[in-house]
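Working notes for the structure below.
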Protein chains: 2
Amino acid sequence: MATIRDVARKAGVSVATVSRALNDKGYVHEDTRKAINEAIKELNYKPNEVARSLYKKKSRLIGLLLPDIRNPFFPELARGVEDIMQESGYRLIIGNADEKPEKENDYIQTFIQNNVIGIISASHTEKKHYKHLTCPVVFLDRTSEPFPSVYADGLTGGKMAAREIIRRGSKRITLLRGPIEVKTAQDRFKGALDELCQANVDFNVMTMASFAYQDASKCAKEIFEKYPDTDGVIASNDIAAAAILHEAIRKGKSIPNDLQIVGYDDIPLSGLLFPPLSTIKQPAYEMGREAAKLLIKLINNEPIQNRMIQMPVTFIERQTTRKVEENG
Amino acid sequence: MATIRDVARKAGVSVATVSRALNDKGYVHEDTRKAINEAIKELNYKPNEVARSLYKKKSRLIGLLLPDIRNPFFPELARGVEDIMQESGYRLIIGNADEKPEKENDYIQTFIQNNVIGIISASHTEKKHYKHLTCPVVFLDRTSEPFPSVYADGLTGGKMAAREIIRRGSKRITLLRGPIEVKTAQDRFKGALDELCQANVDFNVMTMASFAYQDASKCAKEIFEKYPDTDGVIASNDIAAAAILHEAIRKGKSIPNDLQIVGYDDIPLSGLLFPPLSTIKQPAYEMGREAAKLLIKLINNEPIQNRMIQMPVTFIERQTTRKVEENG
DNA sequence: TTGAAAGCGGTACCAT
DNA sequence: ATGGTACCGCTTTCAA
């Protein structure tokens with residue numbers, strides 16, 4: 001690999017001048033610049049980011065912490081983040097925390113040790129891990145004061161799910177509760193719970209061990225054993241919903257006539273299920289983009305109008321819920 | 001952040017000694033070591049990986065290049081890689097090449113500039129990008145001589161898909177062909193094509209623009225317009241298969257009686273579709289693990305028995321294909 | 001067994 | 001407009 005010294009030698013100037021030309025800082029004569037650029041081309045020189053980072057104590061790396069890369073919701077977030085970062089010349093280190101505090105902390109250490117210029121975390125089991133960080137941090141998919149965040153309103157999302165399923169006539173509802181350690185799952189759970197309490201319906205609650213596909217399937221089987229007369233399921237996310245849907249059809253239920261199902265997230269596959277899944281959409285890709293934009297502003301010390309960006313959730317009506325009869 | 005100098009001062013020794021203690025190299029007196037460890041603890045010192053990397057020209061970072069993080073097959077690979085790397089103290093930079101040669105090259109440059117110690121690439125549109133790399137490279141999910149690779153046999157996989165669907169009685173088969181730029185998709189396509197040619201069946205071919213969900217849906221609609229009497233679809237991957245399945249059911253076809261469908265990959269959601277999708281399984285997670293292990297060996301200059309690791313593909317019989325009547 | 005000092009490849013200050 | 005050089009934090013000779 002060619003170094004800045006090689007370039008300087010070839011162009012007949014000092015390293016300082018090359019550095020200035022490279023970074024567009026200070027004066028560089030047009031001819032000099034030309035000679036330097038030529039040398040750079042000939043040598044196929046690429047600045048060593050590590051050396052740069054060592055001096056500046058800042059790299060062009062962004063740390064992105066995800067709780068579970070296998071849940072399609074998170075790659076969607078990641079793509080949003082990546083697309084914006086790419087445009088600004090930043091690169092991502094992606095870490096998979098696996099919902100485990102130790103792994104989360106491991107990755108944060110890695111980020112720091114590699115001089116990341118900022119962190120976006122969708123996995124924040126413990127606030128204390130972030131307390132003493134000196135680089136800007138944006139929380140994604142959930143909030144934790146006083147950190148800037150981009151999130152969708154889980155409480156409202158949960159309420160919405162419950163309201164829509166009630167409005168469409170379910171009377172004996174099973175509310176699925178996501179793993180307790182997943183905070184966002186608890187928000188939507190509470191929202192739905194509130195709404196259910198206020199409505200004239202029966203309901204029961206079932207808690208999932210995890211969002212993994214296997215656990216979802218197991219949970220789906222259990223539901224129909226324990227609550228065979230359930231006529232509406234508010235799932236904790238789309239994976240769970242897919243599992244329930246699957247099991248319901250296997251059992252010969254007619255969807256949505258015998259049973260309505262509402263999912264959460266609107267992952268890409270939701271529309272490809274059969275029947276297509278009605279769900280609460282979180283605008284994952286957009287959330288990722290917003291988080292990235294926010295972090296970049298933070299990095300550049302630009303003024304922030306709004307450090308808590310709440311993105312709208314929407315009810316996506318597909319075919320696991322009945323049509324409403326009345327207008328409005 | 002505390003530096004090695006702070007530790008040295010606190011422990012009353014030189015930085016050289018601290019460094020030796022840190023890396024277990026050369027002699028360090030037991031007492032000295034104890035003092036150093038104490039200082040490290042008190043200062044909560046973590047070595048600066050960037051400085052380390054600058055000197056050694058090697059970091060603990062691994063570059064992982066994926067073609068599309070939104071296709072659930074790739075996160076599965078990534079998890080396999082990550083789990084092994086994690087154990088050995090390596091961390092991942094994940095890049096998303098988006099099937100675009102420029103993005104691929106961008107990320108490779110980033111990897112190099114950050115002194116990655118090795119690269120695993122599941123996205124190799126152009127061999128030349130890898131030709132002159134000095135760090136070890138492992139190709140994942142496909143081969144490209146002379147690089148070490150971990151891959152599943154697409155030709156066999158394609159043949160298998162065709163054979164199984166023919167064996168189960170489809171007579172007018174539609175063979176879906178993945179995007180031409182995706183080499184693995186072409187392998188399985190060729191395998192299936194071979195098998196179809198040798199069998200006593202009619203068939204037609206349809207090429208997809210991409211594996212994106214939207215394109216898959218569009219393609220599914222087209223199939224039933226152009227080839228309404230198709231009684232078997234060999235899909236180019238599970239996403240495509242899901243779209244076909246969805247459309248077929250929407251059209252009131254009985255699966256697998258009117259139409260059989262075979263997917264490819266066996267992504268986690270395949271089993272949750274309805275009916276559950278019969279598919280050719282690539283052991284993605286295991287492939288990721290093997291690739292990681294291979295790369296680590298390469299990094300450590302360990303002897304390699306086998307630089308081309310082929311993983312088995314298997315037919316996963318679910319319910320989009322008919323049961324075979326005869327035995328064997 | 002330990003320490004001084006020379007790098008690794010850049011950046012930026014201060015002269016010129 | 002350009003160059004000399006100290007420095008970022010760590011590793012590794014080499015000498016003591």
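Protein chains get the first letters and strands the later ones, always in sequence-line order, with residue 1 at the start of each.
- When the side-chain nitrogen and oxygen atoms of N48(A) are compared with OP1 and OP2 of dC8(C), none of them lie within a distance under 4.0 Å.
- The pair R52(B)-E49(B) meets the salt-bridge criterion, since a charged nitrogen lies less than 4.0 angstrom from a carboxylate oxygen.
- Not one side-chain nitrogen or oxygen of T3(A) sits closer than 4.0 Å to the OP1 or OP2 atom of dC8(C).
- Ring pair F147(A)/F139(A) is tilted by interplanar angle, where 30° to 60° counts as tilted.
- Whole-Å rounding puts the K46(B) NZ to dC10(D) P distance at 13 Å.
- As judged by a 4.0 angstrom heavy-atom cut-off over every strand, S53(A) is placed among residues making no nucleic acid contact.
- Summarising the geometry, the separation between CG on N115(B) and P on dC10(D) is reported as 16 Å, rounded to the nearest angstrom.
- Along DNA chain C, the nucleotide nearest to A16(B) and the one nearest to L54(B) differ in position, and the one closer to the 5' end is contacted by A16(B).
- Atom NZ of K57(B) is separated from atom P of dT12(D) by 13 Å (rounded to the nearest Å).
- Judged by atom type and distance alone, R5(A) reaches the base of dG10(C) through a side-chain donor-acceptor pair under 3.5 Å.
- Taking all atoms of both residues into account, the shortest heavy-atom contact from A152(A) to M287(A) is N-CE, 3.8 Å.
- Between I112(B) atom CD1 and dG9(C) atom C1' there is a gap of 16 Å when expressed in whole angstrom units.
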Go through the steps for R79(A) and E82(A) under the test salt bridge (Lys or Arg N to Asp or Glu O under 4.0 Å), then give the verdict.
CA-CA 5 Å; R79(A) 271 309 293 269; E82(A) 197 209 11; 3.5 Å; yes
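- Within 4.0 Å (heavy atoms only), V13(B) reaches sugar-phosphate atoms of the nucleic acid but no base atom.
- dA5(C) atom C1' lies 13 Å from atom CZ of R20(B), rounded to whole Å.
- Within the 4.0 angstrom heavy-atom criterion, base atoms lie near S19(B).
- Positionally, the nearest nucleotide of DNA chain C for V28(B) lies more toward the 5' end than for the other of V50(A) and V28(B).
- Straight-line distance from the NZ atom of K56(B) to the C1' atom of dG7(C): 15 Å, rounded to whole Å.
- For the pair K25(A) NZ and dA12(C) P, the computed distance is 4 Å after rounding to whole Å.
- Contact check, T17(B) against dT1(C): no side-chain N or O comes under 4.0 Å of OP1 or OP2.
- Scanning both residues, R307(B) and L294(B), for their nearest heavy atoms gives O-CD2, 4.1 Å.
- In this structure, Y27(B) places its OH atom 15 Å from C1' of dC14(D), rounding to the nearest Å.
- Annotation: of the two residues near DNA chain D, R33(A) and Y55(A), the 5′-most nearest-nucleotide partner is R33(A).
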